[in-house]
S.K.: 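The structure's right below; bear with me while I get my questions together.
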Amino acid sequence: MDKLFDKLRFVLYWISVSSMTLMLGLIFFQVVSRYFFGHTFEWSEELARFLFVWVVFLGSALIMGESGHLAVQILPNKFKGTGMGVVIEILINLCSYAFTLLLLIQGAKMTSVMTFQIAPGLGISMSVVYSIIPISASLMMLYLFKDTVRIVKEISARKN
């Protein structure tokens, strides 16, 4: 199971890094073309904006997989190894499930609603852009499940 999550992390990391690199390259290209030629391509600004959205959502899933959210970890780390720490971790986990489920449902609705709208610069359906919301929420849910398994194992180890 850990090998699967390691591979998923590797793929998410490189997709995020590649998207960020492409986005920065597009923005640089856009600034240079505006400064030297007085013209920018509409599609480059739009693609950079869409890549930014994808990087943010994929990065959020990646950070959740690494338990990297400071706000989520500060209290459990303070009370680690105590009964209060376990209760806090369970509450955080339940709240994370609620938020992620809401993100998944509403993201799927938004993706399906936006099928009619076409991005003017790229000519693609906006549902392609918004599809990252349910994709990212699904990845977050997967990482939450992994975290739930870890919490259950810790609780059962404490009982024994």
S.K.: Between I15 and W54, is any pair of side-chain heavy atoms under 4.5 Å apart?
M.R.: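 Side chain of I15 against side chain of W54, heavy atoms only: no contact under 4.5 Å found.
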S.K.: Can you list, pair by pair, the side-chain donor-acceptor contacts under 3.5 Å of residues 30-42, counting residues two or more places apart and other chains?
M.R.:
from, atom 1, to, atom 2, distance (Å)
S33, OG, F29, O, 3.2
S33, OG, Q30, O, 3.0
S33, OG, H39, O, 3.0

S.K.: Between W43 and G121, which heavy-atom pair has the shortest distance, and what is it?
M.R.: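 That would be CB-O, 3.6 Å.
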S.K.: The test is side-chain contact (heavy atoms from CB on, under 4.5 Å); show your working for I90 and I155 and say whether it passes.
M.R.: CA-CA 11 Å; I90 291 170; I155 291 171; 3.8 Å; yes
S.K.: Between CD of E45 and CG of L122, what distance do you get to the nearest 0.5 Å?
M.R.: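 Separation between the atoms: 9.5 Å.
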S.K.: Applying side-chain contact (heavy atoms from CB on, under 4.5 Å) to Y143 and I63, what does each step give before you reach the verdict?
M.R.: CA-CA 10 Å; Y143 283 124; I63 292 297; over 6 Å; no
S.K.: Quick one: pull up CG in L26 and CG in L51 and give me the separation to the nearest 0.5 Å.
M.R.: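 That separation rounds to 6.5 Å.
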S.K.: To the nearest 0.5 angstrom, please state how far the CE atom of M20 sits from the CE atom of M23.
M.R.: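 If I round to the nearest 0.5 Å, the distance is 4.0 Å.
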S.K.: Determine the minimum heavy-atom distance between A48 and I27, stating which atoms define it.
M.R.: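 Closest approach of A48 to I27: CB-CG1, 3.9 Å.
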S.K.: Does Y130 reach the side chain of V53, with side-chain heavy atoms less than 4.5 Å apart?
M.R.: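 Counting from C-beta outward, Y130 and V53 never come under 4.5 Å.
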S.K.: Does any non-hydrogen side-chain atom of V11 lie less than 4.5 Å from one of K7?
M.R.: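 With C-beta onward as the side chain, the pair stays apart.
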S.K.: Between L142 and L8, is any pair of side-chain heavy atoms under 4.5 Å apart?
M.R.: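 L142 vs L8: side chains touch.
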S.K.: Is it the case that one hydrophobic cluster holds both F57 and L22, taking links as side-chain heavy atoms less than 4.5 Å apart, direct or via other members?
M.R.: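 Result: yes, single cluster for both.
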S.K.: How long is the span from the CE atom in M114 to the OG atom in S131, to the nearest 0.5 Å?
M.R.: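 If I round to the nearest 0.5 Å, the distance is 12.0 Å.
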S.K.: Could you state whether L91 and I88 fall into the same hydrophobic cluster, counting links through intermediate Ile, Leu, Val, Met, Phe, Trp or Tyr residues with side-chain heavy atoms under 4.5 angstrom apart?
M.R.: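 As far as the 4.5 Å side-chain criterion goes, I88 and L91 are not connected within one cluster.
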S.K.: Can a donor-acceptor pair be found, under 3.5 Å and without considering hydrogens, that links the side chain of Q117 to the backbone of M126?
M.R.: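 Side chain of Q117 to backbone of M126: no pair is present.
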S.K.: Does atom CZ (F99) have a neighbourhood of more than 12 heavy atoms from anything else shown, all under 6.0 Å?
M.R.: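 Not buried by this count: 12 neighbours or fewer within 6.0 Å.
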S.K.: Going by heavy atoms in the side chains, are Y97 and M141 under 4.5 Å from each other?
M.R.: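 In contact.
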S.K.: Taking all atoms of both residues into account, what is the closest heavy-atom pair of S127 and T111, and its distance?
M.R.: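 Shortest heavy-atom separation between S127 and T111 comes out as CB-O, 3.1 Å.
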S.K.: May I ask whether L101 and L103 are part of the same hydrophobic cluster, defined by side-chain heavy atoms of I, L, V, M, F, W, Y residues being less than 4.5 angstrom apart, directly or through others?
M.R.: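 Linked, L101 and L103 end up in one cluster.
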S.K.: I want to check something: taking the side chain as every heavy atom from C-beta on, are I132 and I135 in contact at a cut-off of under 4.5 Å?
M.R.: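 Side-chain contact under 4.5 Å: yes.
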S.K.: Distance check, rounded to the nearest 0.5 Å: L12 atom CG versus L62 atom CG?
M.R.: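 That separation rounds to 5.5 Å.
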S.K.: I need the M64 CE to T100 OG1 distance, nearest 0.5 Å.
M.R.: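 M64 CE to T100 OG1: 4.5 Å, rounded to 0.5 Å.
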S.K.: Hey, is D147 close enough to R150 for a salt bridge, meaning N to O under 4.0 Å?
M.R.: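 Salt bridge flag = yes for R150 with D147.
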S.K.: Test of understanding: clusters of I, L, V, M, F, W, Y form through side-chain heavy atoms closer than 4.5 Å, transitively. Do I118 and F50 belong to the same one?
M.R.: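 No; F50 is not reachable from I118 via cluster members.
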S.K.: Compare every heavy atom of L139 with every heavy atom of A61, then report the nearest pair and how far apart it is.
M.R.: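 Looking at all heavy atoms of both residues, the closest pair is CB-CB, 3.9 Å.
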S.K.: Among residues two or more places apart or on two chains, list those pairs meeting side chain to side chain donor-acceptor pair (under 3.5 Å) that have a residue in residues 13-22.
M.R.: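 Matches after skipping sequence neighbours: none remain.
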S.K.: Is there a path of hydrophobic side-chain contacts, each under 4.5 Å between heavy atoms of I, L, V, M, F, W or Y residues, that connects I92 with M84?
M.R.: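 Looking at the clustering, M84 is in the same group as I92.
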